[in-house]
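Working notes for the structure below.
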Protein chains: 2
Amino acid sequence: MNVATEDYLKTIFNLTQQQDRAGTKDIADRLGISQASVTGYLQKLAGSDPPLILYKKRDGASLTEAGTRWALKVIRNHRLIETFLYRTLGYSWDRVHDEACRMEHVISEEFEARIAELLGNPTHDPHGDPIPDRNLHMPDEKALSLAELQPGDVAMIERVSDSDAALLRYLEKNRLVPGKRLTVKERSPFDQNMTLRIHGVRGKVVLGPSVAQQVFVEKEVRHVHTAA
Amino acid sequence: MNVATEDYLKTIFNLTQQQDRAGTKDIADRLGISQASVTGYLQKLAGSDPPLILYKKRDGASLTEAGTRWALKVIRNHRLIETFLYRTLGYSWDRVHDEACRMEHVISEEFEARIAELLGNPTHDPHGDPIPDRNLHMPDEKALSLAELQPGDVAMIERVSDSDAALLRYLEKNRLVPGKRLTVKERSPFDQNMTLRIHGVRGKVVLGPSVAQQVFVEKEVRHVHTAA
DNA sequence: AAAGGAAATTAGGCATCCCTAAGTAGAAAG
DNA sequence: CTTTCTACTTAGGGATGCCTAATTTCCTTT
């Protein structure tokens, strides 16, 4: 019921998916506020009853049970809303994020339940992010970035980073959307540019590392003969 | 983009539908806050650029052009959302108001436009309140309360007050919903209780004045011979 | 070991929007 | 005309959530 708290919890959850603890600076950067503000708020979250985060001075924050549950609730809301906007209201996939960021804090459990049912309890949002289920269970997502693949690798796009609208438009134009299979053709040792073939699409795509890092894939097991 | 401001504007709009100006106390009562807080906020709204209200000390507030436009935008959002929750998501009519009160402040113009289209540009919400159109035009609603009818009068229910969920459940159970026609059979001179026949429904309904005041009707023209 | 730099914290402050308590203005009633 | 009541306003204050500036901690580098 509190926008600021929910934004902090969501951010800490996301950060601790990859690192152990979420640092003050990282949180400040993601929320677009000052480090000092974050320090103050972390102290508050750690001191609430029940505590929502574990916080040790100069050692960042991590979520408690209660904090995790709350974060997952917000993330479920967010991703259900995104799916709903995309599928039911016909939003383009680059416009769902901002709307969901505002709506996620105000919808009731009834709203959540009704859109989940309307959508047939979807498991992934339009960017491929997994949606926690009713009991807030969410499958582990191994985050293998496209940027980590080598020439010859074949992979399927699983999800893409959802918060940069311009990036999403670019990815869509190049057919880099969840579900597509691709083969890595080349990788420049200088600028790390990758040349890809997307299966079922003519032509090739060259991606800089900053883009490739935002696309996450599942690598396919290589067969004896490397793909041509 | 500001919940407090939008709530004030909405409240002043509603109050000035019936009276000339909205008094501090009336606003405070509707918003559930103190009169002192209202005074302070009215001064702020009157001093903003452009001014959203006209405010003279001890003489209440009324909306300016800009204030009216903003209020109508929020009211359009509210009523579209109510209609959407009711029709598309299957909400019961007593649960749509609270959800709409929160969502109305956060949805974008795109959301508004898309649900309006999905619903076929509805002109009335589930309680019968008119929805301002895209250009924020709203038909005048003459507010003839059921409580003002006399025995023998025939009328059609146009709309009902939407903010009291328990009242809405009661009305629905008694089939007192927009579109129904009814005849006033009796009116007790002591307690002002009204006895009604609702057309197409067997039996009679007795309503106290506090309920009858919340139901608004369009009276049908009486014919030569007064109804029995 | 000392210096430099990045990250984090504390101190002090501001805007927003609410509160209670106390005082004022104006209308209705005696 | 004066009292009284109600609506309204002013004064002063509190919680929230952000800010900048200054300081501290700790890690790396030399």
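Protein chains get the first letters and strands the later ones, always in sequence-line order, with residue 1 at the start of each.
- In this model, the phosphate group of dC18(D) is approached by a side-chain N or O of Tyr8(A) to a distance below 4.0 Å at OP1 or OP2.
- Nearest to the side chain of Gln35(B), among dT9(D), dT9(C), dC18(D), sits dT9(D).
- Each of Gln214(B), His127(B), Glu218(B), Glu141(B) was scored for a side chain to side chain donor-acceptor pair (under 3.5 Å) with Arg159(B), with one residue passing: Glu141(B).
- Counting any heavy atom pair closer than 4.0 Å across all strands shown, Gly23(A) reaches sugar-phosphate atoms only and no base atom.
- Here Lys57(A) does not reach the OP1 or OP2 of dT24(D): none of its side-chain N or O atoms lies under 4.0 Å away.
- Put simply, OH on Tyr41(B) is 15 Å from P on dA15(C), counting in whole angstrom units.
- Between Ser37(B) and dC19(C), a side-chain N or O to OP1/OP2 separation shorter than 4.0 Å is present.
- Distance from the side chain of Lys44(A) is smallest for dT16(D) among the nucleotides dT16(D), dC18(C), dA8(C).
- Side-chain proximity of Arg58(A) to the nucleotides dC26(D), dC8(D), dC19(C) is greatest for dC26(D).
- In this entry the distance linking CD of Gln43(A) with C1' of dA8(C) reads 10 Å, nearest Å.
- Residue contacts shown for Ser34(B) include a base, since a base heavy atom lies under 4.0 Å away.
- Comparing dC17(C), dT9(D), dT9(C) against the side chain of Ala4(B) picks out dC17(C) as the nearest.
- Listed pair Thr39(A) / dT9(C) meets the phosphate criterion, a side-chain N or O lying under 4.0 Å from OP1 or OP2.
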Output, in order, the C-alpha distance, side-chain angles, deciding distance and verdict of side chain to side chain donor-acceptor pair (under 3.5 Å) for Thr5(A) and Tyr41(A).
CA-CA 8 Å; Thr5(A) 297; Tyr41(A) 212 93; 2.8 Å; yes
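- Among dG17(D), dA8(C), dC19(C), the nucleotide with an atom closest to any side-chain atom of Asn2(A) is dG17(D).
- Taking the six-membered ring wherever Trp is involved, the centroid distance between the rings of Phe84(A) and Phe84(B) falls below 6.0 Å.
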